[in-house]
Amino acid sequence: MSRLLTKHLVVPVANEEDARETAQVLDCYEYGQITVVHVIEKGEGVPDKLPLEQAEQRASDAFGAFRGFIPEIETATVYRRDVVAAIIEVAVDVDASAIAFHPRGGNRFIKFISGDKTLKLITNVDRPVITLPEEAENE
């Protein structure tokens, strides 16, 4: 039995700008349901990168920016240290047909030092991962 690849997408966003760019590109394509995910890195004995209220406001701003292009979305805010694992868990929970993401830059040195989340995402998942192009196509 075949499934429609874009029937239900999980789309991770990091911040308002990332959400806006991702939604703008994604809006050029056909898709079904979308669940936008923002992961607040928290826990495992490591100091938080941002105070919780500021991190939650960042998530809310990102969802708002996404809705500026694609209003009908579900959202999920997840609190977890491992961003990739959190995205995959949401995809499993909502039975997503695929995960679609908009790669954010970063040079090889930064990816080496911080760990390449893109590589982890595409190699550790049990469903298709769609990489969106850098810019929206002009029609």
Side-chain angles (χ1 to χ4, degrees):
M1 182 162 120
S2 64
R3 296 178 63 185
L4 182 60
L5 184 63
T6 57
K7 180 179 179 187
H8 186 169
L9 297 175
V10 163
V11 181
V13 295
N15 54 42
E16 193 173 345
E17 181 182 343
D18 179 43
R20 187 175 300 109
E21 290 174 1
T22 301
Q24 189 174 14
V25 171
L26 186 58
D27 199 34
C28 297
Y29 299 92
E30 291 187 26
Y31 49 82
Q33 185 176 354
I34 295 176
T35 299
V36 179
V37 179
H38 180 84
V39 180
I40 295 176
E41 295 181 66
K42 187 161 187 57
E44 299 178 16
V46 179
D48 297 338
K49 291 183 175 179
L50 294 173
L52 184 57
E53 285 184 16
Q54 190 176 353
E56 289 175 335
Q57 184 60 49
R58 179 183 281 189
S60 178
D61 292 345
F63 296 149
F66 200 96
R67 283 190 174 104
F69 289 92
I70 303 174
E72 299 296 322
I73 61 171
E74 299 294 323
T75 62
T77 303
V78 183
Y79 303 84
R80 181 106 187 248
R81 179 65 51 199
D82 187 336
V83 173
V84 172
I87 295 166
I88 293 170
E89 285 174 10
V90 170
V92 170
D93 288 349
V94 301
D95 193 26
S97 56
I99 297 170
F101 74 103
H102 186 248
R104 289 173 277 137
N107 63 38
R108 286 183 182 198
F109 180 72
I110 291 172
K111 288 180 178 180
F112 177 74
I113 296 298
S114 65
D116 188 349
K117 291 178 182 160
T118 301
L119 180 60
K120 290 178 187 173
L121 182 61
I122 61 174
T123 57
N124 294 339
V125 68
D126 65 346
R127 61 202 68 227
V129 177
I130 300 168
T131 305
L132 299 169
E134 201 165 308
E135 295 181 19
E137 292 179 18
N138 293 329
E139 294 184 26

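All of these numbers come straight from a predicted model, not from anything done at the bench. By convention here, the first residue in the shown sequence is residue 1. Heavy-atom basis, side chains included; hydrogens, waters and symmetry copies ignored.
Glu56 is linked by a side chain to side chain donor-acceptor pair (under 3.5 Å) to Tyr79, counting only residues two or more places apart in sequence or in another chain. Applying the side chain to side chain donor-acceptor pair (under 3.5 Å) criterion to Glu16, with sequence neighbours excluded, gives Arg20. For His8, the side chain to side chain donor-acceptor pair (under 3.5 Å) partners at least two apart in sequence or on another chain are Thr35. The side chain to side chain contact (heavy atoms under 4.5 Å, CB included) check on Ala98 picks up Leu5, Leu9, Pro128, Ile130, with sequence neighbours excluded. Every side chain to side chain donor-acceptor pair (under 3.5 Å) that Arg80 has, sequence neighbours left out, goes to Glu89.
Evaluation of the salt bridge (charged side-chain N to carboxylate O under 4.0 Å, His left out) test over residues 60-76, restricted to residues two or more places apart or in two chains, returns none.
If you chain together hydrophobic residues whose side chains sit under 4.5 Å apart, Val13 and Ile40 never meet in one group. The hydrophobic clustering, which links ILVMFWY residues whose side-chain heavy atoms are closer than 4.5 Å, places Leu132 and Val36 together. Cluster annotation: Val37 and Val83 are assigned to the same hydrophobic cluster (Ile/Leu/Val/Met/Phe/Trp/Tyr, side-chain heavy-atom contacts under 4.5 Å, transitive). Val39 is connected to Val90 through a chain of hydrophobic side-chain contacts under 4.5 Å among Ile, Leu, Val, Met, Phe, Trp and Tyr, so both are in one cluster.
Residue Thr6 holds its OG1 atom at 12.0 Å from OH of Tyr29, rounded to the nearest 0.5 Å. Of the inter-residue distances, the one linking Tyr31 atom OH with Leu4 atom CG reads 13.5 Å to the nearest 0.5 angstrom. With rounding to the nearest 0.5 angstrom, the CG atom of Asp82 is 8.0 Å from the CD1 atom of Ile88. Rounded to the nearest 0.5 angstrom, Ile34 CD1 and Phe66 CZ are separated by 4.5 Å.
Side chains of Thr131 and Pro103 form a contact here, defined as non-hydrogen atoms less than 4.5 Å apart. Side chains of Arg127 and Asp95 form a contact here, defined as non-hydrogen atoms less than 4.5 Å apart.
Shown here is Glu17, whose CD atom has no more than 12 heavy atoms of other residues, nucleotides or ligands within 6.0 Å.
Taking both residues in full, the closest heavy atoms of Phe101 and Pro12 are given as CB-CG, 3.9 Å, listed atom of the first, atom of the second, then distance. Taking all atoms of both residues into account, the shortest heavy-atom contact from Ala23 to Ile70 is O-CD1, 3.8 Å.
The only member of Val94, Asp93, Val129 that meets side-chain contact (heavy atoms from CB on, under 4.5 Å) when paired with Val10 is Val94.
Formation of a donor-acceptor pair under 3.5 Å by the His38 side chain with backbone atoms of Thr77 is not found in this model.
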